[in-house]
Undergrad: 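Handing you a structure now.
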Amino acid sequence: MNTLTLWFHQFGSPPIFHRVTARLSPWLYASATLIGFIGLYGGLVLAPADYQQSDAYRIIFVHVPCAWMSLFAYFFMAINAFIALVWRIKISEILAMASAPIGAVFTAITLATGSIWGKPMWGTWWTWDARLTSELVLLFLYVGVIGLYNAIEDRRQAARAAAFLALVGIVNVPIVHFSVTWWNTLHQGSTVRLLGPSRIDSSMLWPLLLLALATHVWFFASVFARARVSLLELESGKDWARSAVLGPGAAHD
Amino acid sequence: MRYGTTASACAALIRRDLVLTWRRRGDALNPAMFAMIVVVMFPLALGPEPNQLARIAAGILLVAILLAGMLALDNLFRSDHEDGTLEQLVLSPHPLSLLLASRIIVHWLTTALPLIVVAPLLAEMLHLPRSVLPVLLVALALATPLLSLLGAVCVALTVGMRRSGMLLALLVLPLYVPVLIFAAGACNAAQAGLPFLAPLLWLGAALALALVLAPMACAAALRISIT
Amino acid sequence: MTDFLAMGGYGAYVWSSYAIFVVALLIDFLAPRLRRQRVITDLGGRLKRQRKRQEKSA
Amino acid sequence: MVHVEGETPVPLLHARGLSYARNDESIFGPLDFMLHRGEVVLIEGDNGSGKTTLLKVLSGLLEPATGNILLDGEELTLARLSHQVALMGHLPGLKSDLSAIENLDFTIGVFGLRPGITPALALASVGLEGYEDVAIRQLSAGQKKRVALARLLLVPAALWLLDEPYANLDKEGIDLVNRLLDAHARRGGAALITSHGAYAFTTGAPRRLPLRSAA
């Protein structure tokens, strides 16, 4: 077994996963907020006003990274769901279910900031723009996975059922995106491209990329934190979990 | 607090139902999500043109919210019937119609209220003219308790059956027709600038009537179907 | 500073978007910690009961 | 036995010519019996002889086809009766999302509280101390039955109608039921129990009420 599979195998065992992520978590959160602040500073202060939308376009520095993140979270969920269903690895089951609420949060942020951005640009809060509509359908996919996971009593079975739904959903995401854009071109009444400012020059690009990196780091910090809690809940019968939760005293009775 | 009086029984029932809903608060959002999906379907089918959507917005909203309310009816008695608490309720010394009335009110609070809260958001999606929104909300505030009351009678009749979902829809929807007509009538009148008070008053009268008669009918129906 | 806040007249929209972003991430940060607290209290209760049962049967 | 000298005591429950039919196929034939305070009666009969139906009729859930039921000598009406009668069926009658204490608090809110006992005391007397705030979902079938028994202890009902009280209970559980029945009888209550043979009645031979299926 070469070092990579050994590492991966070790990472799969709950106590080690718990310890490693517990040590990693503060660093991840700290670096995410640090990079985020730098990006926000770049986007809000340094970047010049857009000649067409003046300062309203600065919503892009929140809207676009969250849109990318909502898709990334779904892929992360789907990959873990696949591993969980095929190799029955408990950790990837938990990671898949932990990433669903985070993806839903980022999708909700995208929708909210998108509709707020639409108000000054188009005069109405909600526009049936192709990307916003497919983002809304993505939110329903997330709600479906979370709803199914909470509806079933037994945690392991719930995770497997919701993982299967996530896999079915992953096929659906590109199809929805394609059909919505086709639907949008069919009714090509909509005018200017809402989501991008007329042109992206470098002074706007690097804050955007920094914020995208910050959201990705934040995602891993949050998915590890949530996974650790569900792991403790699932393994509360075992000694390692009890000693991790209640201090070494409680473990041996 | 003296135990065993009718007031304490209704209070205990309301408190228990609210705690139960809080324990399952994830499910409380299901009717709202269902209504949102149904509303999103229409622009996808009919096209996103704001003025076309605005004309049919009130109607779509009312139908979507009525259907969502109807779907939520099913768990009014089902879980109680399965774990035996419904039998205990029927056996209680207090007037069953009062207990069922408090049950229906809590059910309305936990299912229809989120629908009314989400209605402005859905109205915005369908570009409903801003002037019609208050009338729509008043119509919903009168129509949804009416639906819960009428629906409860039908649910009581089908409580023993296993696959009662579709049958419940067939029983309830004809009762919904007048409610829908008056609610939609009020909204369309408001949209056309005509006076819209009359249909709302009709809804209010029907609600007052149902508030008194429906719990009794529900109690009688429950006694029939509990055997 | 004030024109920075005004954001070219679109201050309300820009700052509300950023507020939603920060609040949502805060909720995402707090949710696992609250759940962890609930898991700890549940586990504590269960251990206490187990110890009481063992004493009773011992 | 609670006896007033010289004058026959008024029976707690008096069924006269009681029968029940479902789509006019008789479930149990005309039945006459009296139940005095302090008595525990065992209803015997094989499956399908209408034991559960009899309990439901006596509890007022079902209308009898013929005959009537007197409670403390007066005609039975549901409102008056329910303060006196507690029915424990096969289903536990507990909400699985709530904890044991929450279920019991709801019960005393609706059915009233017998003086001298609290939910916590009732749970302790059925051997479930420490399980007060455990959700019913996490309890075993036997423990759920014990919470249902605790509910019986809490309500001011004089007449207990128990349908298969010994089901799902271990040896210790069966002793618990017998102890509760004795205490209830000594307090001046009465009980009607249905059981198809699997009973371990220890305190003296109970009066039996054979229920022949009417076929």
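The structure presented is a predicted model; accordingly, all values stated were derived computationally and were not measured. Chain A is the first sequence line, chain B the second, and so forth, proteins listed ahead of strands; every chain is numbered from 1.
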Undergrad: Check whether any side-chain N or O of B:Gln88 sits under 3.5 Å from a backbone N or O of D:Ala86 as a donor-acceptor pair, and report yes or no.
TA: no

Undergrad: Which residues pass the side-chain hydrogen bond (donor to acceptor under 3.5 Å, both in side chains) test with B:Thr158, not counting sequence neighbours?
TA: none

Undergrad: Does some side-chain heavy atom of B:Thr85 sit less than 4.5 Å from a side-chain heavy atom of D:Leu94?
TA: no

Undergrad: Are side-chain heavy atoms of D:Leu91 and B:Glu87 found at a separation under 4.5 Å?
TA: no

Undergrad: Salt bridge check, D:Glu63 against B:Arg223: does any charged N sit closer than 4.0 Å to a carboxylate O?
TA: no

Undergrad: Which distance, rounded to the nearest 0.5 Å, do you find between the CG of D:Leu98 and the CZ of B:Arg23?
TA: 6.0 Å

Undergrad: Of the backbone (N, CA, C, O) and the side chain (C-beta and beyond), which part of B:Leu13 lies under 4.5 Å from a heavy atom of chain D, both, or neither?
TA: both

Undergrad: Among residues 75-83 of chain B, which ones touch chain D with a heavy-atom distance under 4.5 Å?
TA: B:Ser79, B:Asp80, B:His81, B:Glu82, B:Asp83

Undergrad: Only pairs under 3.5 Å count here: list side-chain donor-acceptor contacts from residues 147-161 of chain D, not counting sequence neighbours, and write none if there are none.
TA:
{"unit_1": "D:Arg151", "atom_1": "NH1", "unit_2": "D:Gly93", "atom_2": "O", "d": "2.7"}
{"unit_1": "D:Arg151", "atom_1": "NH2", "unit_2": "D:Pro92", "atom_2": "O", "d": "3.1"}

Undergrad: Where is the tightest heavy-atom contact between D:Ser59 and B:Leu91, given as atom of each residue plus distance?
TA: O-CD2, 3.3 Å

Undergrad: Would you give the length of the straight line joining atom CG of B:Leu20 to atom CZ of D:Phe106, rounded to the nearest 0.5 angstrom?
TA: 9.5 Å

Undergrad: Which residues pass the side-chain hydrogen bond (donor to acceptor under 3.5 Å, both in side chains) test with D:Thr53, not counting sequence neighbours?
TA: none

Undergrad: What are the two closest heavy atoms between B:Ala12 and D:Gly109, and how far apart are they?
TA: CB-CA, 3.9 Å

Undergrad: Are side-chain heavy atoms of D:Glu102 and B:Arg15 found at a separation under 4.5 Å?
TA: no

